[in-house]
Asker: 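Quick one: the structure is below, and I'll ask about it shortly.
Numbers here simply count residues along the sequence, with the first being 1. Note that the coordinates shown come from a computational prediction; the quantities given were computed from them, not determined experimentally.
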Amino acid sequence: MIKVLLADDQRLVRAGFRSILSDEDDIEVVGEAGDGAQAIERVRELRPDVVLMDIRMPGMDGLEAARTISADARLDGVRVVILTTFDLDEYVYGALRAGASGFLLKDTEPEELIQAVRVVHRGDALITPRITRRLIGEFAGRVRAPDPGPRLAALTDREREVLRLAAAGLSNDEIAAHLVLSPTTSKTHISRIMTKLGARDRAQLVVLAYESGLVSPGWLTD
C-alpha cells in the first residue's frame, strides 16, 4: 500500500482527493493536515510514503514544510508533491530546490492524480515532466552563474549523458532507447548518479543539472 497524506487548507480539496485516491486498491490516505506545521507533525507521526502538499497555506506554507521534511534524515523515505496552479508557477522551482519530488496542478484529472502518486512513490520520473521541464528551464535561467561543483567530476562521460537526458524529462525507457541501452542499464546508471550526487530522487537530479550548467532550456530539441 502507498500511504498518502493530504495537506491543504481547503477541506473540499482534501475531501475530493481522498475520494479519488481511496478508490484505489494500492493507495491509502492515512491522514490530513490544514497547514504546513500540522503537515510536518502528521508526517512524523504517520510516516506516509507521499505527501500531497498545497504550496499556499496559512501560517507555515507548503514550501517551508517541504524543506523541513526533506531536511529530516528520519523522513528520508517521504516524497513531497507540491500542489500548485498556473498562476503560482514562480514557486515551483523553489519547491523542487526545497526537496519536493515534483509538482501537480490542482485541477489535474483524477487518473493523473492517481498515476502521479504511483510515479513519485517509485521515484521513476517527475510529475507532469513536460510542464516541470519548462518551468525548471525558465527559473533555472535566473541562477546567477552555473556552478558545476566537485560532485559532477565524479561522473563518467556516460553518466553525464544519462543525467542530461533525465534532466530533459526522459524516463528510463526513453533514455535507454535514445542511447541504445537496455532499460535495466539505464536504471542502473540513474541509481549510480543519484548515489554519487547525493540526490534523493530524480527531481533533485534535474535541478542540479540545470544549476550546474550541464543542460540549458531546450537543449534536447535545439
Asker: CG of Asp49 to CZ of Arg122: how many Å apart, nearest 0.5 Å?
Answerer: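 One finds 13.5 Å between CG of Asp49 and CZ of Arg122.
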Asker: If we ignore hydrogens and angles and just use 3.5 Å, is the side chain of Glu159 paired with the main-chain N or O of Thr156 as donor and acceptor?
Answerer: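 Pair found, side chain donor or acceptor close to backbone of Thr156.
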Asker: Side-chain contact test, heavy atoms from C-beta onward, threshold under 4.5 Å: evaluate it for Phe17 versus Val29 and give yes or no.
Answerer: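 The answer is no, as the side chains (C-beta and beyond) never meet within the 4.5 Å cut-off.
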Asker: If only atom types and distance count, is the side chain of Ser19 paired as donor or acceptor with the main-chain N or O of Gly16 below 3.5 Å?
Answerer: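 Checked: no pair found.
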Asker: Is the shortest side-chain N to carboxylate O distance from Asp9 to Arg14 below 4.0 Å?
Answerer: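 No, Asp9 and Arg14 are not salt-bridged.
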Asker: Between the main-chain N or O of Asn172 and the side-chain N or O of Ser186, is there a donor-acceptor pair closer than 3.5 Å?
Answerer: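 Yes, the answer is positive, given that a donor and an acceptor are paired below the 3.5 Å cut-off.
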Asker: Counting only heavy atoms from other residues, nucleotides and ligands, does the tally under 6.0 Å from CG of Asp23 exceed 12?
Answerer: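 Enclosed.
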Asker: Checking side chain to side chain contact (heavy atoms under 4.5 Å, CB included) between Val81 and each of Val50, Leu113, Val4, which is the one that passes?
Answerer: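 With Val81 as partner, Val50, Leu113, Val4 yield a single side chain to side chain contact (heavy atoms under 4.5 Å, CB included), made by Val50.
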Asker: Please assess Glu45 against Arg42 for the test salt bridge (charged side-chain N to carboxylate O under 4.0 Å, His left out), listing each intermediate value before the final yes or no.
Answerer: CA-CA 5 Å; Glu45 173 190 355; Arg42 300 292 281 166; 3.0 Å; yes
Asker: Can you see which heavy atom on Ala7 is nearest to which on Val51, and at what distance?
Answerer: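 Reported closest heavy-atom pair: CB-CG1, 4.5 Å.
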Asker: State whether the side chain of Arg202 and the backbone N or O of Ala199 hold a donor-acceptor pair below 3.5 Å, judged by distance alone.
Answerer: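 No; zero donor-acceptor contacts below 3.5 Å.
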Asker: Any idea which heavy atoms bring Ile190 and Ile175 closest together, and the distance?
Answerer: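 The pair with the smallest heavy-atom distance is CD1-CD1, 4.3 Å.
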Asker: Donor-acceptor pair, distance only, cut-off 3.5 Å: does the side chain of Gln38 make one with the backbone of Gly34?
Answerer: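 Side chain of Gln38 to backbone of Gly34: a pair is present.
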Asker: With a sphere of 6.0 Å drawn around CZ of Arg192, does it hold more than 12 non-hydrogen atoms of other residues, nucleotides or ligands?
Answerer: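 No, because the 6.0 Å sphere around CZ of Arg192 holds 12 heavy atoms or fewer from other groups.
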Asker: Could you measure the distance from the CG atom of Leu152 to the CG atom of Leu208? Nearest 0.5 Å is fine.
Answerer: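 Going from the CG atom of Leu152 to the CG atom of Leu208 covers 5.5 Å.
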Asker: Using only heavy-atom distances, determine whether the side chains of Thr185 and Ser182 contain a donor-acceptor pair under 3.5 Å.
Answerer: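 There is such a pair (donor and acceptor under 3.5 Å, judged by atom type) between the side chains of Thr185 and Ser182.
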Asker: Quick one: closest heavy-atom pair of Leu104 and Ala116, and the distance?
Answerer: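 Taking Leu104 first and Ala116 second, the nearest heavy atoms are CD1-CB, 3.9 Å.
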Asker: Sub-3.5 Å donor-acceptor pair from the side chain of Glu24 to the main-chain atoms of Leu21, do we have one?
Answerer: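 The answer is no, because no donor-acceptor pair under 3.5 Å joins these two groups.
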Asker: Looking at Arg118 and Asp26, is any side-chain nitrogen of the basic one under 4.0 Å from a carboxylate oxygen of the acidic one?
Answerer: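 So Asp26 pairs with Arg118 through a salt bridge.
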Asker: Are the side chains of Leu83 and Ile55 in touch, meaning some heavy atoms are under 4.5 Å apart?
Answerer: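 Side chain of Leu83 against side chain of Ile55, heavy atoms only: no contact under 4.5 Å found.
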Asker: Taking all heavy atoms of Leu6 and all of Arg18, pick out the closest pair and write down the distance.
Answerer: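 Minimum heavy-atom separation between Leu6 and Arg18: CD1-N, 3.7 Å.
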Asker: What closest approach, in Å, do Ala166 and Val206 show between heavy atoms, and which atom pair accounts for it?
Answerer: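 Result for this residue pair: O-CG2, 3.8 Å.
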Asker: Taking all heavy atoms of Val43 and all of Ile69, pick out the closest pair and write down the distance.
Answerer: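 Distance-wise, the nearest heavy atoms are CG2-CD1, 3.8 Å.
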Asker: Tell me, do His189 and Leu181 make a side-chain contact under 4.5 Å, heavy atoms counted?
Answerer: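 Counting from C-beta outward, His189 and Leu181 do come under 4.5 Å.
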Asker: Can any side-chain N or O of Thr195 pair as donor or acceptor with the backbone N or O of Ser191 at less than 3.5 Å?
Answerer: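 Such a contact is found between Thr195 side chain and Ser191 backbone.
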Asker: Going by an N to O cut-off under 4.0 Å, is there a salt bridge joining Lys3 and Glu28?
Answerer: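 Result for this pair is no, no salt bridge flagged.
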Asker: Would you call Arg158 and Glu161 a salt bridge, using N to O less than 4.0 angstrom?
Answerer: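 So Arg158 pairs with Glu161 through a salt bridge.
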Asker: Is the backbone N or O of Met57 less than 3.5 Å from a side-chain atom of Asp54, with the two atoms forming a donor-acceptor pair by type?
Answerer: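 Not a single qualifying donor-acceptor pair exists.
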Asker: How far does CD1 of Ile82 sit from CG of Leu105, to the nearest 0.5 angstrom?
Answerer: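 Separation between the atoms: 12.5 Å.
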